[in-house]
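Report on the following structure.
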Amino acid sequence: LRASLSSGIAFPDWAYKPESSPGSRQIQLWHFILELLQKEEYHGVIAWQGDYGEFVIKDPDEVARLWGNRKCKPHMNYDKLSRALRYYYNKRILHKTKGKRFTYKFNFSKVVLVNYPLLDMASSPFLLAQNHFNGGAATPDCSPVTPEVQI
DNA sequence: CGCGGAACTG
DNA sequence: CAGTTCCGCG
């Protein structure tokens with residue numbers, strides 16, 4: 001188990017995923033989703049809606065564009081993004097809300113309860129996300145390297 | 001749309 | 001390993 005030092009609150013392992021290469025750890029899609037969900041400026045694009053942990057992608061094309069932008073994948077689209085989301089079903093991170101279009105649900109209750117039996121679910125996923133991404137320090141767009149050599 | 005197999009990539 | 005790309009099927 002790990003704790004986020006900057007925010008003060010402990011966050012479960014499943015939400016961390018350190019991964020090899022400390023400096024250049026790739027952004028996880030569901031991290032990115034949570035990041036957008038946390039920012040009010042994207043409420044027209046993606047937002048919490050319905051049950052606890054449930055969210056709707058209001059503008060699939062835009063979310064795909066933003067994701068592609070972050071991953072330097074200019075040809076990203078909802079078809080591909082949704083395939084990535086579907087891989088989360090077996091990983092128990094997400095599942096589909098059947099019937100509701102563009103609607104998925106985080107397995108907060110299940111996974112958090114398993115990893116953190118003492119942590120109650122009073123706090124919304126929004127608060128959890130806020131605590132994890134302390135206010136959104138920086139949102140690095142697709143910018144590979146900035147050598148900036150000066151003499 | 002939503003699903004999951006399959007090949008492929010860093 | 002975490003997607004990306006492509007695709008046939010329902």
Side-chain angles (χ1 to χ4, degrees), chain A residues 1-7 9-39 41-116 119 125-149:
Chain A
L1 294 162
R2 292 181 89 128
S4 170
L5 293 163
S6 50
S7 62
I9 171 201
F11 217 74
D13 273 348
W14 68 272
Y16 208 100
K17 293 274 180 180
E19 224 55 48
S20 53
S21 57
S24 61
R25 62 158 177 269
Q26 278 273 75
I27 308 96
Q28 310 274 124
L29 175 55
W30 65 273
H31 268 44
F32 181 74
I33 298 289
L34 241 45
E35 192 181 317
L36 293 186
L37 248 16
Q38 177 213 171
K39 307 198 172 197
E41 56 257 53
Y42 294 108
H43 277 14
V45 170
I46 186 171
W48 297 113
Q49 198 163 107
D51 280 359
Y52 176 79
E54 210 172 271
F55 64 94
V56 183
I57 299 173
K58 297 178 181 178
D59 189 341
D61 293 339
E62 180 61 6
V63 172
R65 198 191 61 77
L66 291 163
W67 174 235
N69 193 57
R70 179 68 66 88
K71 285 287 290 289
C72 306
K73 242 70 189 179
H75 299 299
M76 182 52 58
N77 56 32
Y78 181 69
D79 182 41
K80 295 170 187 171
L81 187 148
S82 58
R83 181 70 188 92
L85 291 179
R86 263 173 258 134
Y87 273 131
Y88 285 152
Y89 298 169
N90 292 329
K91 295 182 182 176
R92 311 260 61 193
I93 292 174
L94 284 184
H95 68 75
K96 189 75 180 60
T97 300
K98 288 163 189 172
K100 293 183 181 177
R101 213 175 174 215
F102 306 124
T103 304
Y104 299 81
K105 186 172 172 178
F106 277 98
N107 287 342
F108 278 121
S109 46
K110 190 149 199 166
V111 188
V112 173
L113 250 54
V114 165
N115 291 283
Y116 257 73
L119 187 70
F126 174 74
L127 289 171
L128 284 166
Q130 250 190 346
N131 282 314
H132 188 41
F133 310 104
N134 47 326
T139 308
D141 253 25
C142 172
S143 39
V145 270
T146 314
E148 197 66 35
V149 182

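To find a chain, count down the sequence lines: A is the first, B the second, and so on, and within it residues start at 1. Predicted model only: the values in this text are computed from it and were never measured.
Partners of Asp61(A) according to the side-chain contact (heavy atoms from CB on, under 4.5 Å) rule, which considers only residues two or more places apart in sequence or in another chain, are Asp59(A).
Applying the 4.0 Å criterion to OP1 and OP2 of dT4(C), one finds that Trp67(A) has a side-chain N or O inside that range. Taking 4.0 angstrom as the limit, Lys98(A) places none of its side-chain polar atoms (N or O) nearer than this to OP1 or OP2 of dG2(B). Between dG3(C) and Gln28(A), a contact under 4.0 Å exists linking OP1 or OP2 to a side-chain N or O.
Within the 4.0 angstrom heavy-atom criterion, only backbone atoms of the sugar-phosphate kind lie near Lys71(A); the bases stay farther away.
Exactly one of Gln49(A), His95(A), Lys100(A) qualifies for a side-chain hydrogen bond (donor to acceptor under 3.5 Å, both in side chains) with Glu54(A). That residue is Lys100(A). When each of Asp51(A), Val56(A), Ile57(A) is tested with Thr103(A) by the rule side-chain contact (heavy atoms from CB on, under 4.5 Å), just one qualifies, namely Val56(A).
If you measure from atom CD1 of Ile33(A) to atom P of dA2(C), you get 16 Å, rounded to the nearest angstrom. Rounded to whole Å, the distance from NZ on Lys91(A) to P on dC1(C) is 9 Å. If you take OH of Tyr89(A) and C1' of dG5(B), they are 15 Å apart, rounded to a whole angstrom. Rounded to an integer number of Å, the gap from Ile57(A) CD1 to dG2(B) P is 9 Å. Atom CG in Asn90(A) sits roughly 14 Å away from atom P in dC1(C) (whole-Å rounding). The separation between Trp30(A) atom CH2 and dC1(C) atom P is 17 Å, rounded to whole Å. For Ile27(A) and dG3(C), the CD1 to C1' distance is 12 Å, given to the nearest whole Å. The nearest whole Å value for the distance from the OH atom in Tyr88(A) to the C1' atom in dG4(B) is 17 Å.
The shortest distance between side-chain heavy atoms of Lys71(A) and Gln26(A) falls below 4.5 Å. A 4.5 Å side-chain heavy-atom check between Phe106(A) and Leu94(A) finds at least one atom pair inside the cut-off. At a threshold of 4.5 Å between non-hydrogen side-chain atoms, the residues Phe102(A) and Tyr78(A) count as touching.
Heavy atoms only, all atoms of each residue included: Lys58(A) and Gly44(A) are closest at CB-O, 3.4 Å.
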Distances under 3.5 Å between nitrogen or oxygen atoms of protein and nucleotides 5-10 of chain C:
from, atom 1, to, atom 2, distance (Å)
dT5(C), OP2, Lys80(A), NZ, 3.4

